[in-house]
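Worksheet for the structure shown next.
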Amino acid sequence: IQALLTTQTLSSPSFAVDTPRSTHNLQMPVQHSQHLPHIDWGEAFDVTTFYGRKTELARLQDWVLKDRCRLIALLGIGGIGKSTLAITLMHQVAEQFDVAVFRSLRDAPSCDDLVADLLQVISPAPLATLPSSLERRITLLIEQLRTRHCFIVLDNLETLLQEGIH
């Protein structure tokens, strides 16, 4: 993965997509939430104008809403608009989810801190205490992700993948 992140030289983002393994999931219609979604913008910057990525944005929206892709990676060199594209996409699709979260990982938080933060945001009720071990926190996060329809943007994920970082 690190090689993909550091050797990408395209002038526009490239995409990596993981679709559900079962075709049964593809046939299920996307249902609107019966309630207002919980949207947490974190450190997302304000996108007041958006130029020239209509085709990519439409493709991403189709992957998220129609194809129900579980993982999409926006890859490319810095400064080409990956974050802007992700934020704009989140604005368009957030209401289709129970929870939508944007987190910038630019400052390389520890895995423990990231998982704890996501647990607090995704959980339907505030968690008074969290399990002490990272393994138990990850298990709890996976359980929450299985029960809630979530859209999570992890911006600058490559900072956590760099050698020597947590």
Side-chain angles (χ1 to χ4, degrees), residues 1 4-5 8-20 25-109 111 113-127 138 140-161:
I1 293 174
L4 286 174
L5 294 174
Q8 182 69 350
T9 58
L10 297 176
S11 60
S12 63
S14 61
F15 307 102
V17 180
D18 179 23
T19 57
N25 287 340
L26 293 176
Q27 296 169 0
M28 293 173 47
V30 174
Q31 297 178 357
H32 297 277
S33 281
Q34 298 295 337
H35 60 283
L36 293 175
H38 174 74
I39 302 174
D40 186 326
W41 290 100
E43 295 178 4
F45 51 85
D46 187 26
V47 177
T48 54
T49 55
F50 183 75
Y51 298 108
R53 299 263 191 235
K54 301 294 185 207
T55 302
E56 291 91 345
L57 188 59
R59 182 182 311 145
L60 289 168
Q61 190 169 2
D62 283 349
W63 286 345
V64 170
L65 299 178
K66 291 180 184 173
D67 299 339
R68 299 178 60 94
C69 291
R70 296 178 185 193
L71 176 67
I72 301 173
L74 302 180
L75 307 173
I77 60 173
I80 62 171
K82 299 178 299 295
S83 298
T84 300
L85 185 60
I87 292 167
T88 303
L89 176 66
M90 188 167 158
H91 276 285
Q92 290 186 351
V93 303
E95 291 184 8
Q96 304 296 317
F97 293 85
D98 297 324
V99 179
V101 181
F102 180 95
R103 286 295 178 266
S104 173
L105 306 179
R106 177 182 48 246
D107 295 329
C111 184
D113 289 344
L114 177 61
V115 170
D117 177 47
L118 289 175
L119 271 170
Q120 291 294 352
V121 173
I122 292 171
S123 296
L127 299 173
I138 290 171
L140 184 57
L141 179 60
I142 291 169
E143 289 171 7
Q144 290 296 324
L145 291 171
R146 286 183 177 152
T147 61
R148 308 212 52 214
H149 192 206
C150 301
F151 183 81
I152 302 171
V153 174
L154 299 176
D155 194 33
N156 296 300
L157 180 64
E158 70 278 4
T159 60
L160 296 185
L161 303 175

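For the residue pair Arg103 and Leu118, the shortest heavy atom distance occurs at CG-CD2, 4.5 Å. For the pair Gln92 and Gln61, the tightest heavy-atom approach, listed with the atom from each and the gap, is OE1-OE1, 2.9 Å. When all heavy atoms of Gly76 and Lys82 are compared, the closest pair comes out as O-NZ, 3.0 Å.
Here the straight-line distance linking atom CG of Leu85 with atom CZ of Arg59 works out to 10.0 Å at 0.5 Å rounding. For the atom pair NZ (Lys54) and OG1 (Thr88), the distance works out to 8.0 Å, reported to the nearest 0.5 Å. Rounding to the nearest 0.5 Å places CD1 of Ile80 at 9.0 Å from CG of Leu75. Between the CD1 atom of Ile122 and the CG atom of Leu145 there is a distance of 4.5 Å, given to the nearest 0.5 Å. For the atom pair CG of Leu141 and CG of Asp117, the computed distance is 10.5 Å after rounding to the nearest 0.5 Å.
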- Please walk me through it: do Leu65 and Phe97 pass side-chain contact (heavy atoms from CB on, under 4.5 Å)? CA-CA 10 Å; Leu65 299 178; Phe97 293 85; 4.3 Å; yes
- Output, in order, the C-alpha distance, side-chain angles, deciding distance and verdict of side-chain contact (heavy atoms from CB on, under 4.5 Å) for Ile87 and Met90. CA-CA 5 Å; Ile87 292 167; Met90 188 167 158; 5.6 Å; no
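Formation of a donor-acceptor pair under 3.5 Å by the Asp98 side chain with backbone atoms of His149 is found in this model. Looking at Gln120, its side chain never comes within 3.5 Å of a backbone N or O of Pro126 through a donor-acceptor pair.
Ile72 has its side chain within reach of Val64: a pair of non-hydrogen atoms, C-beta onward, lies under 4.5 Å apart. Proximity of Arg148 to Ser123: side-chain heavy atoms (C-beta onward) are nowhere separated by under 4.5 Å. Under the 4.5 Å side-chain criterion, counting only non-hydrogen atoms from C-beta, Leu89 is not in contact with Val153.
When each of Asp155, Ile152, Leu154 is paired with Phe102, the side-chain contact (heavy atoms from CB on, under 4.5 Å) condition holds for Asp155 and for no other.
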